[in-house]
Amino acid sequence: MTEDFLHDRLAKVERLRASGVDPYSRGFKPTHSSVAAKELIGDAERTPPVSVAGRLMVKRQQGGLVFADLQDGQGRIQLMASRNILGEEEFGRFADLDLGDIVGVTGPIFRTKRGEITAEVQSFQLLTKSLRPMPEKWHGLKDVEIRYRQRYVDLIANPEVREVFRARTRIITAMRGLFDERGFIDVDTPVLQEIPGGGHARPFMTHHNSLDRDLFLRIALELHLKRLLVGGFERVYEIGRVFRNEGLSPRHNPEFTLLECYQAYADYEDVMQLVEDLVVCAAMGAGRPLQGSYQGESVDLTPPFRRERMADLVLEHTGRHAAGEELNDLFEEHVEPRLRQPTFVLDYPVEISPLARPRDDDPRFVERFELIILGREYANAFTELTDPVDQRARFEAQAALRAAGNVEAHPMDEDFLRAVEYGLPPCGGLGVGIDRLVMLLTDQPSIRDVILFPVMKAET
RNA sequence: GCCGGCGUAGCUCAGCCUGGUUAGAGCAGCGGUCUUUUAAACCGAGGGUCCGGAGUUCGAAUCUCCGCGCCGGCACCA
């Protein structure tokens, strides 16, 4: 069937060529987008001719008239081609266009009897012949497997999907704007690393042929950004792809976009303020009101966010006094799922935070917080550990865990230690999973809905 | 990795539980009619390895098993 379709369309392409029409032509310059063209008419009856270009999505023929919807990057505009205006031959060519073809059209804008703002086709040019059938015009494309594997079809057929990805870039642009305003510089650090540090995760491994050396794809940005603070950049951020060799889920894609930033002379209190500002800024970028909802559950993003110590929350929810990894385990099992509205959870156990500064009043805990919304983590931040001797001891403790078989324990990084030995200024750092934030702000249920080309198994 | 659900025409879906003539519908495509339509309508003729394989049976889209893919949950994690 598919091959029949291709066969018919390819035959059509040859017929077009034989009649002197280039089915993959060029040179047509639209003067207006569909939306701009429609705005032109105002109260007028008719406008001077304009040129629009896009993909033919719907065709309705009625004798000597063809109505069609042209879809471009902005939206849609109806076209009307008339036998009387175009003449028999050109009209026939227009009527012979297929849904999915990309065409350029020139003509005045007018209103039909039913009031639809329409471009009257005075001339047109086939720009790109489509060989494949478009998804169903009324129900659209629903099959999620096709939507994710063939995102291009999804984007054609489901305009609201385009809007999600537009919102995604607006969110990122807005956040960058905030950083730029505050004097942060954006930097690029290595994706290919010898030692994949800065987080707890299994890395992807690869191999450099001419160096004959195994390398890892980064799992976090932290250690290189902190090296830059050692170098004298006082405010840096990076929004970059990181890779974690772990399972897939509606909240996990093996490659995802992480924001990290580091600010000299700040501590985690300052970073909490920054996170609140970033969330507001991102919500504005997305066009989402602060009092909104996610998948039917209301979520109020209005700062200030609630602040609670992890140990207090665990005591409140379980009645237990705990410390170390046990505290964190109890928190994740009993408390985290119940934190629905934005909550800063403070003061994590030192054992699970090898890069964070201990609290002055109780070195069993570090100055670290995570922002939890709807039971999910949206930000992770701490006052950074700047003492190189303590940092080495932390790495050694991790190395012991690693030797005991914990593959996600933090690896020793001698070069990072060397940098810290030169002197890392006191600073606060932050990491935010951008994809999850975009999910929240665009009300999308799966991370695959905010990543253009999510990881899939091999197509069969 | 484990558990559950799903997989029928290009697309959206019926049919499956309770096995039985050539597997259906709408849209799209093809051939017609129709000059202001809005999911256009009407007429006509097409289009399927019913995810793949094996089994049970006189007979399998339908029941069983194995495999693949997708979705969800758990595990891991952000």
Side-chain angles (χ1 to χ4, degrees), chain A residues 1-9 11-12 56-69 76-86 91 95-96 98-100 110-118 120 130-150 153-154 156-158 198-203 219-220 242-260 332 336 370-373 375-380 406-408 431-437 439-440 445-449 454 456-460:
Chain A
M1 176 63 196
T2 302
E3 284 175 14
D4 290 349
F5 206 95
L6 281 171
H7 182 266
D8 290 351
R9 289 282 177 96
K12 204 167 190 173
L56 232 45
M57 297 303 291
V58 188
K59 226 170 53 162
R60 302 175 285 274
Q61 183 158 7
Q62 179 127 50
L65 289 180
V66 173
F67 294 92
D69 293 350
R76 288 187 180 193
I77 185 171
Q78 177 169 267
L79 309 178
M80 187 192 78
S82 159
R83 181 177 278 141
N84 291 345
I85 292 167
L86 283 174
F91 179 76
D96 192 44
D98 290 295
L99 299 186
F110 73 106
R111 281 195 175 81
T112 63
K113 282 179 185 170
R114 298 283 181 92
E116 179 84 19
I117 299 172
T118 302
E120 179 185 290
S130 173
L131 301 183
R132 291 180 180 269
M134 288 292 114
E136 217 258 357
K137 65 182 176 184
W138 178 243
H139 297 93
L141 178 66
K142 291 184 174 174
D143 185 321
V144 292
E145 187 168 353
I146 301 177
R147 288 188 48 224
Y148 297 150
R149 285 189 194 280
Q150 300 175 233
V153 184
D154 189 30
I156 292 168
N158 300 318
H200 303 271
R202 293 196 197 201
I219 60 167
V242 300
F243 307 84
R244 298 188 179 180
N245 206 340
E246 286 155 1
L248 290 75
S249 89
R251 291 164 297 283
H252 301 84
N253 195 63
E255 55 179 300
F256 64 101
T257 300
L258 186 61
L259 157 72
E260 288 196 28
E332 287 183 359
E336 197 168 40
E370 292 192 357
L371 172 61
I372 308 297
I373 308 171
R376 300 179 184 175
E377 176 192 335
Y378 285 85
N380 179 22
N406 183 342
V407 291
E408 286 170 10
V432 176
I434 292 294
D435 311 277
R436 289 185 177 179
L437 182 62
M439 286 169 67
L440 174 69
S446 171
I447 198 167
R448 297 183 191 93
D449 297 315
M456 304 285 277
K457 290 192 191 174
E459 199 172 352
T460 47

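The structure presented is a predicted model; accordingly, all values stated were derived computationally and were not measured.
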Between [X] and [N], is there a side-chain N or O to OP1/OP2 distance below 4.0 Å?
X: A:Lys457; N: B:rG69; result: yes
X: A:Arg448; N: B:rC70; result: no
X: A:Arg114; N: B:rU37; result: yes
X: A:Lys12; N: B:rC30; result: yes

Is there a side-chain contact between [X] and [Y] in this structure, where contact means two heavy atoms from C-beta onward sitting under 4.5 Å apart?
X: A:Arg244; Y: A:Glu408; answer: no
X: A:Leu79; Y: A:Leu56; answer: yes
X: A:Arg448; Y: A:Leu248; answer: yes
X: A:Asp69; Y: A:Arg60; answer: yes

> Starting at the 5' end of RNA chain B, which residue's closest nucleotide do you reach first, A:Leu99 or A:Asp143?
Replying inline: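 Nearer the 5' end of the strand: A:Asp143.
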>> Go nucleotide by nucleotide along RNA chain B from the 5' end; which of A:Asp96 and A:Gln61 gets its closest nucleotide reached first?
In response: A:Asp96
With rounding to whole Å, what would you report as the distance between [N] and [M] at their [atom1] atoms?
N: B:rU49; M: B:rU8; atom1: P; value: 12 Å
N: B:rU12; M: B:rG48; atom1: C1'; value: 16 Å
N: B:rA61; M: B:rG20; atom1: P; value: 10 Å
N: B:rA14; M: B:rU62; atom1: C1'; value: 14 Å
N: B:rA41; M: B:rC3; atom1: P; value: 48 Å
N: B:rC70; M: B:rC17; atom1: C1'; value: 23 Å
N: B:rC51; M: B:rA60; atom1: P; value: 15 Å
N: B:rU64; M: B:rG10; atom1: C1'; value: 33 Å

Decide yes or no, distance alone: a donor-acceptor N/O pair under 3.5 angstrom between the base of [N] and the side-chain of [X].
X: A:Asn84; N: B:rU35; answer: yes
X: A:Gln78; N: B:rU37; answer: yes
X: A:Ser82; N: B:rU36; answer: no

Which whole-number value in Å describes the distance from [X] [atom1] to [N] [atom2]?
X: A:Arg60; N: B:rU37; atom1: CZ; atom2: C1'; value: 6 Å
X: A:Gln62; N: B:rA39; atom1: CD; atom2: P; value: 14 Å
X: A:Lys142; N: B:rC11; atom1: NZ; atom2: P; value: 14 Å
X: A:Ile85; N: B:rU36; atom1: CD1; atom2: P; value: 13 Å
X: A:Lys59; N: B:rA41; atom1: NZ; atom2: C1'; value: 16 Å
X: A:Asp69; N: B:rA28; atom1: CG; atom2: C1'; value: 15 Å
X: A:Glu120; N: B:rU35; atom1: CD; atom2: C1'; value: 13 Å
X: A:Asp8; N: B:rG46; atom1: CG; atom2: C1'; value: 11 Å

Of the options [options], whose atoms approach the side-chain atoms of [X] most closely?
X: A:Phe110; options: B:rU36, B:rU35, B:rC13; answer: B:rU36
X: A:Pro250; options: B:rA39, B:rG72, B:rG10; answer: B:rG72
X: A:Pro135; options: B:rC11, B:rG72, B:rG69; answer: B:rC11
X: A:Leu141; options: B:rC30, B:rC70, B:rU12; answer: B:rU12
X: A:Glu136; options: B:rA28, B:rC13, B:rC11; answer: B:rC11
X: A:Arg149; options: B:rG10, B:rG69, B:rG29; answer: B:rG69
X: A:Arg251; options: B:rU37, B:rG73, B:rU36; answer: B:rG73
X: A:Glu246; options: B:rC34, B:rC74, B:rC76; answer: B:rC76

Answer with base, sugar-phosphate or nothing: what part of the nucleic acid does [X] contact at a heavy-atom distance below 4.0 Å?
X: A:Glu116; result: base
X: A:Ile146; result: sugar-phosphate
X: A:Gly140; result: sugar-phosphate
X: A:Met456; result: sugar-phosphate
X: A:Val66; result: nothing
X: A:Gly433; result: nothing
X: A:Tyr378; result: nothing
X: A:Glu408; result: sugar-phosphate
X: A:Asn253; result: base
X: A:Arg202; result: nothing

If [N] has a Watson-Crick or G-U wobble mate with both distances under 3.5 Å, name it; if not, just say none.
N: B:rG69; result: B:rC6
N: B:rC76; result: none
N: B:rG24; result: B:rC13
N: B:rA61; result: none
N: B:rU56; result: none

> Out of A:Arg83, A:Met80, A:Gln61, which one pairs with A:Val66 under the side chain to side chain contact (heavy atoms under 4.5 Å, CB included) rule?
Replying inline: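 With A:Val66 as partner, side chain to side chain contact (heavy atoms under 4.5 Å, CB included) holds for just one option, A:Gln61.
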Ignoring hydrogens and geometry, is there a side-chain-to-backbone donor-acceptor pair from [X] to [Y] under 3.5 Å?
X: A:Asp98; Y: A:Leu131; answer: no
X: A:Gln150; Y: A:Val153; answer: no
X: A:Arg9; Y: A:Ser130; answer: yes
X: A:Asp435; Y: A:Thr257; answer: yes
X: A:Lys59; Y: A:Leu99; answer: no

>> To the nearest 0.5 Å, what is the distance between CG on A:Leu259 and CD1 on A:Ile434?
In response: 5.0 Å
Protein-nucleic acid N or O pairs under 3.5 Å, nucleotides 51-53 of chain B:
none

> Out of A:Lys142, A:Arg149, A:Arg147, which residue meets the salt bridge (Lys or Arg N to Asp or Glu O under 4.0 Å) rule with A:Glu145?
Replying inline: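 Going through A:Lys142, A:Arg149, A:Arg147 one by one, the salt bridge (Lys or Arg N to Asp or Glu O under 4.0 Å) with A:Glu145 is satisfied by A:Arg149 alone.
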